[in-house]
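Heads up: the structure comes next, in structure tokens.
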Amino acid sequence: MNQEALLKNIQDWQQRIGEASAKWGGAEICGVSKTIDPEIINMAWDGGIRTLGENRVQELLSKIDRLNPEYKIHLIGQLQTNKVKYIVDKVAMIQSVDRDALADEIDRRAVAAGRVMPVLVQVNIAREPQKAGIDEESLLPFIRRLSGMQGLRVKGLMAIMPIADDPEDVRPYFRRMREWFDRLRDMDIPNVSMRTLSMGMSDDCLVACQEGATMVRLGRALFGERHYPIQ
Ligand SMILES: *Cc1c(COP(=O)(O)O)cnc(C)c1O
């Protein structure tokens, strides 16, 4: 991909997302840069991308020294507890917090590093058996537990939708996520601020925006099809 094509993609999606999310006050694009070369990723800065999503710790570590240091990097993929120590001083947010052991480890490592880690709680809103994310019935107790931790701050929610041929099929799940987001915000739980609702990817981001996403995570829409294995 050349810079011209990348900047055009960014501009086009910013436009569509701006329109789809207008009634909610807009949505930020998180550029999902997994498998993409740092040289290309850095070109997205000029298009206005400020947040990157990476889903694998090892890949992130292999690229981070070559990334524009002004990018905010969000960990968006399933995170093993034993990997937290490698990223605790490197990422701006962890979007995939979904279980006690992981939250405990982030808390512990962040306190040791002298920082407070912003996190999103990942919700398995469609109850997919193989999917990461906490179930709805455990969400409130989980967030209450996290609200007592010194080393992290809950800043919102994240969800990954089921694969669907028609994004309309997952609209009810997006809507339900926004209902949780508003409900939790209105509860005013100490140390919990519902600011970011991260949902929607390349194929369903416009529906996500119509239903109240504040952040969409776009990989292929910006950078084109991914090529595995990673460089
Ligand atoms: C890869 C990935 C995305 C982006 O997917 P695209 O379909 O390429 O937009 C978003 N979120 C997560 C958690 C991912 O792993």
Side-chain angles (χ1 to χ4, degrees), residues 1 5-6 8-17 20-21 27-38 40-41 43-44 47 49-63 67 71-80 83 87 91-99 102 118-126 128 130-134 155-171 173-174 177 196-211 213-231:
M1 163 145 316
L6 176 60
K8 171 93 167 63
N9 287 348
I10 295 170
Q11 199 176 28
D12 289 350
W13 282 102
Q14 276 167 341
Q15 169 85 25
R16 294 178 195 123
I17 283 161
S21 62
E28 184 187 354
I29 297 175
C30 170
V32 176
S33 49
K34 62 190 183 200
T35 78
I36 308 298
D37 202 83
I40 310 269
I41 301 171
M43 292 175 180
I49 299 297
R50 295 293 177 264
T51 304
L52 300 177
E54 284 281 346
N55 71 336
R56 289 176 65 243
V57 169
Q58 206 181 344
E59 182 187 347
L60 170 60
L61 295 176
S62 78
K63 298 198 296 196
L67 292 174
Y71 276 127
K72 287 170 283 184
I73 300 173
H74 288 194
L75 207 289
I76 60 171
Q78 266 190 60
L79 181 56
Q80 291 170 271
K83 301 262 172 80
I87 57 156
V91 300
M93 180 180 274
I94 298 173
Q95 293 201 6
S96 45
V97 178
D98 65 349
R99 58 195 192 278
L102 178 57
V119 304
L120 304 183
V121 172
Q122 183 175 353
V123 186
N124 185 4
I125 194 71
E128 292 178 278
Q130 306 303 335
K131 251 228 186 109
I134 194 151
K155 300 290 187 187
L157 304 176
M158 185 271 244
I160 300 174
M161 294 302 155
I163 293 167
D165 290 332
D166 181 353
E168 288 298 331
D169 295 346
V170 291
R171 185 184 291 276
Y173 296 128
F174 286 130
M177 284 297 299
T196 300
L197 178 55
S198 172
M199 58 183 191
M201 315 193 337
S202 293
D203 292 329
D204 57 13
C205 64
L206 296 181
V207 175
C209 287
Q210 289 159 4
E211 297 300 335
T214 74
M215 174 176 281
V216 292
R217 305 180 307 269
L218 301 189
R220 291 166 300 132
L222 306 187
F223 297 107
E225 289 299 325
R226 283 182 285 276
H227 300 288
Y228 296 92
I230 299 137
Q231 48 307 110

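In what follows, every heavy atom counts, from backbone to side chain, and hydrogens, waters and symmetry copies are set aside. Both ligands and their constituent atoms are indexed starting at 1 by order of listing. A quick note: this is a predicted structure, and the numbers were derived from the prediction, not measured.
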Ser33 side-chain N/O to Ile41 backbone N/O, donor-acceptor pair under 3.5 Å: no

Atoms in ligand 1 flagged as close to Asn55, the criterion being non-hydrogen separation under 4.0 Å: 15 (O)

Region of Gln95 that comes within reach of ligand 1 [heavy atoms, distance under 4.0 Å]: neither

Option nearest atom 13 (C) of ligand 1 (shortest heavy-atom distance, choices Leu75, Ile76, Thr35): Ile76

Per-atom contacts, ligand 1 versus Leu218 - under 4.0 Å to a heavy atom: 9 (O)

Min heavy-atom dist Asp203 to ligand 1 below 4.0 Å: no

Structural part of Ile160 in contact with ligand 1, heavy atom criterion under 4.0 angstrom: side chain

Those atoms of ligand 1 less than 4.0 Å from some heavy atom in Arg220: 6 (P), 7 (O), 8 (O), 9 (O)

N or O pair under 3.5 Å between Gly77 and ligand 1: no

Donor-acceptor contact below 3.5 Å, side chain Gln78 vs main chain Ser96: no

Side chain Lys131, main chain Ile125, donor-acceptor under 3.5 Å: no

Residues, nucleotides or ligands: over 12 heavy atoms within 6.0 Å of Ile163 CD1: no

Ionic contact status for Glu211 with Arg171, cut-off 4.0 Å: yes

Criterion side-chain contact (heavy atoms from CB on, under 4.5 Å) against Pro118, the qualifying member of Gln95, Met93, Lys72, His74: Met93

Side chains of Glu28 and Thr214, donor plus acceptor under 3.5 Å: no

Minimum heavy-atom distance between Ala126 and Pro162, given as atom pair plus value: CB-CG, 3.4 Å

Residue and atom name of the nearest protein heavy atom (relative to atom 8 (O) of ligand 1), distance in Å to one decimal: Arg226 NH1, 2.7 Å

Contact atoms of ligand 1, heavy-atom distance to Gly219 under 4.0 Å: 4 (C), 6 (P), 8 (O), 9 (O)

Val32: numbered ligand 1 atoms lying under 4.0 Å from its heavy atoms: 1 (C), 2 (C), 3 (C), 4 (C), 10 (C)

Proximal candidate to atom 14 (C) of ligand 1 [heavy atom criterion; set Arg217, Lys34, Met201]: Lys34

Atom 6 (P) of ligand 1 - nearest protein heavy atom and its distance: Ser202 OG, 3.5 Å

Asp166, CG atom: more than 12 neighbouring heavy atoms under 6.0 Å: yes

